[in-house]
There are 2 protein chains.
Amino acid sequence: MKTAENTEKEAAALLKDKKVRPSMIRVKVLKYLLDNRNHPTADRLFSALENEIPTLSRTSIYNTLKTFLDEGIVSEITIEDGNSRYDAFTGKHGHFICEKCGSVCDFDVKCATCAPESLKGYKINQEHVYLRGLCPNCIKSGGDGNEKNFRKKRCKKSS
Amino acid sequence: MKTAENTEKEAAALLKDKKVRPSMIRVKVLKYLLDNRNHPTADRLFSALENEIPTLSRTSIYNTLKTFLDEGIVSEITIEDGNSRYDAFTGKHGHFICEKCGSVCDFDVKCATCAPESLKGYKINQEHVYLRGLCPNCIKSGGDGNEKNFRKKRCKKSS
DNA sequence: CTCCGTTTTTGTATTAATTACAATTTTGTA
DNA sequence: TACAAAATTGTAATTAATACAAAAACGGAG
């Protein structure tokens with residue numbers, strides 16, 4: 001069974017592997033991403049960890065994420081404008097966002113690659129598949145998902 | 001042959017079709033999007049049109065784009081964080097962004113849909129496929145595209 | 001054509017995410 | 001233990017986008 005200490009060790013090992021010094025913040029951020037596959041924003045990560053690390057600053061979260069991005073430890077999900085989310089899972093998968101509640105979930109993409117032959121002169125580094133719509137919960141609770149200005153306002157907290 | 005007046009009329013007709021009053025700004029914004037398939041940001045649209053419409057304000061660009069989004073006249077491309085781009089072409093296609101020069105181009109996606117059966121309780125409204133990498137021009141001009149912090153800084157102008 | 005209510009456009013102020021940067025603290029090692 | 005390098009922090013600045021209210025343009029009824 002997976003324990004908290006296990007993911008902590010796993011995170012540290014993963015960092016050493018990538019030649020990134022496993023400082024406390026880095027380990028805790030990566031551990032959070034491994035334990036909580038909820039595609040958090042930088043702000044959500046900060047909120048989740050500020051209790052554990054009382055001196056934590058937002059800049060450190062941004063620094064950490066930048067390091068992780070540079071080393072390919074996490075990928076950035078830009079499914080929603082102006083609110084980057086981060087994902088530590090490397091297997092190929094797509095992301096769905098509910099336009100009502102803002103939750104993001106993974107799904108398996110059917111095709112191996114979406115890149116066609118017409119891009120043969122290009123170097124492809126990343127591939128992202130994003131779906132937008134309504135999740136089952138929000139369908140149940142009403143609204144057909146075609147309301148105007150649905151979830152257009154910025155909101156800080158979303159899962 | 002396609003003339004400037006033609007796309008202007010085309011844009012106006014498209015708007016009337018969607019029950020959106022074809023004001024000058026709306027027609028010119030839509031015309032720009034139809035004439036220039038370069039996936040502009042709001043700011044780029046503003047820069048492109050401020051000469052033609054001297055009283056233009058950025059807010060009007062945002063208002064116009066919001067109306068277009070609500071009516072399904074354009075779609076929003078969030079391939080790059082913190083810089084939404086807009087596209088008036090409705091046929092299914094993916095978007096590639098060059099991590100060096102920031103240019104965005106279209107490509108045909110190979111599979112009809114990327115949504116798998118596992119999402120059968122969901123309502124899918126939009127599907128986006130984004131690729132990131134290096135375009136042929138930037139490959140020629142050097143750099144392997146794996147530089148750290150490559151095009152991480154915000155920059156206003158990009159095509 | 002003119003009046004009047006509605007829609008569109010505009011300008012200013014605000015919000016919120018992210019970055020810049022310099023100072024401080026921590027870390028690894030000689 | 002001491003020192004250089006790396007990590008962390010706090011503050012200020014930047015930027016895209018939004019809120020909102022005032023001004024302007026529009027369109028139909030009389």
Side-chain angles (χ1 to χ4, degrees), chain A residues 12 15-16 18-30 40-47 49-50 52-71 73 76-86 102 148-158, chain B residues 12 15-16 18-30 39-47 49-50 52-71 76-86 102 148-158:
Chain A
L15 290 173
K16 269 178 230 150
K18 299 273 187 168
K19 318 268 185 252
V20 173
R21 197 186 289 175
S23 69
M24 178 174 59
I25 293 179
R26 288 175 180 163
V27 170
K28 289 208 183 294
V29 168
L30 186 51
T41 60
D43 193 70
R44 188 181 176 79
L45 275 165
F46 176 77
S47 304
L49 296 177
E50 64 177 333
E52 251 182 295
I53 314 171
T55 61
L56 187 63
S57 79
R58 274 190 176 72
T59 303
S60 295
I61 295 288
Y62 282 111
N63 287 342
T64 301
L65 289 170
K66 188 152 149 34
T67 303
F68 288 4
L69 286 172
D70 286 346
E71 300 304 325
I73 295 166
E76 187 178 18
I77 305 171
T78 59
I79 196 170
E80 196 177 26
D81 174 58
N83 240 177
S84 285
R85 292 154 184 276
Y86 300 89
K148 315 256 159 110
N149 306 334
F150 214 29
R151 207 180 130 73
K152 282 293 172 192
K153 310 209 180 221
R154 297 209 179 177
C155 55
K156 234 192 258 180
K157 307 279 166 181
S158 60
Chain B
L15 290 172
K16 269 179 228 150
K18 298 273 189 171
K19 317 270 185 250
V20 172
R21 198 186 288 174
S23 68
M24 178 174 56
I25 293 179
R26 288 174 181 162
V27 170
K28 289 208 183 297
V29 168
L30 186 50
H39 317 90
T41 60
D43 194 69
R44 189 180 175 80
L45 274 165
F46 176 78
S47 303
L49 296 177
E50 64 177 335
E52 248 181 297
I53 314 173
T55 61
L56 187 64
S57 79
R58 275 190 176 72
T59 304
S60 296
I61 296 288
Y62 283 111
N63 287 341
T64 300
L65 290 170
K66 189 151 148 34
T67 303
F68 287 4
L69 285 172
D70 287 347
E71 301 302 325
E76 189 178 17
I77 304 171
T78 59
I79 197 171
E80 197 178 25
D81 176 57
N83 239 181
S84 286
R85 292 157 184 275
Y86 299 89
K148 315 252 156 115
N149 307 333
F150 212 31
R151 209 182 129 75
K152 283 291 174 194
K153 310 211 179 218
R154 298 211 179 176
C155 56
K156 238 192 252 180
K157 307 278 168 182
S158 63

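Each chain gets a letter, A, B and so on, in the order its sequence line appears, and its residues count up from 1. All of these numbers come straight from a predicted model, not from anything done at the bench.
Here A:Y62 reaches the OP1 or OP2 of C:dT18: one of its side-chain N or O atoms lies under 4.0 Å away. For A:S84 and C:dA17, the shortest distance from a side-chain N or O to OP1 or OP2 is not below 4.0 Å. An OP1 or OP2 oxygen of D:dT8 is reached within less than 4.0 angstrom by a side-chain nitrogen or oxygen of A:S23.
Among the nucleotides D:dG10, D:dA16, C:dT9, the one closest to any side-chain atom of A:T59 is D:dG10. Closest to the side chain of A:N83, from the set C:dA17, C:dT9, D:dA17, is C:dA17.
Remark: C1' of C:dT8 and CZ of B:F68 are 13 Å apart, rounded to the nearest angstrom. Distance CZ (B:R26) to C1' (D:dC26): 11 Å, rounded to an integer number of Å. Distance CZ (B:R58) to P (D:dA17): 11 Å, rounded to an integer number of Å. Rounded to whole Å, atom P of C:dA17 lies 14 Å from atom CZ of A:R44.
Along DNA chain C, the nucleotide nearest A:A42 and the nucleotide nearest B:I25 are compared for position; the residue whose nucleotide lies closer to the 5' end is B:I25.
Judged by Watson-Crick or G-U wobble contacts below 3.5 Å, the nucleotide C:dA30 has D:dT1 as its partner.
For the side-chain contact (heavy atoms from CB on, under 4.5 Å) test, residues two or more places apart in sequence or in another chain that qualify with A:S84 are A:E76, A:T78, A:Y86, B:D81.
No hydrogens or angles considered: nothing links the side chains of A:T67 and A:T64 as a donor-acceptor pair under 3.5 Å.
Residues A:I53 and A:M24 have side chains in contact (heavy-atom distance under 4.5 Å, counting atoms from C-beta outward).
In this structure, the side chain of A:S47 engages the main chain of A:D43 through a donor-acceptor pair within 3.5 Å.
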Using a 4.0 Å cut-off on protein heavy atoms (strictly under), produce a 5'-to-3' string for nucleotides 24-30 of chain C with B for base contact, S for backbone-only sugar-phosphate contact, and - for none. -------
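Note that CZ of A:F68 and CZ of A:R26 are 7.0 Å apart. Values are rounded to the nearest 0.5 Å.
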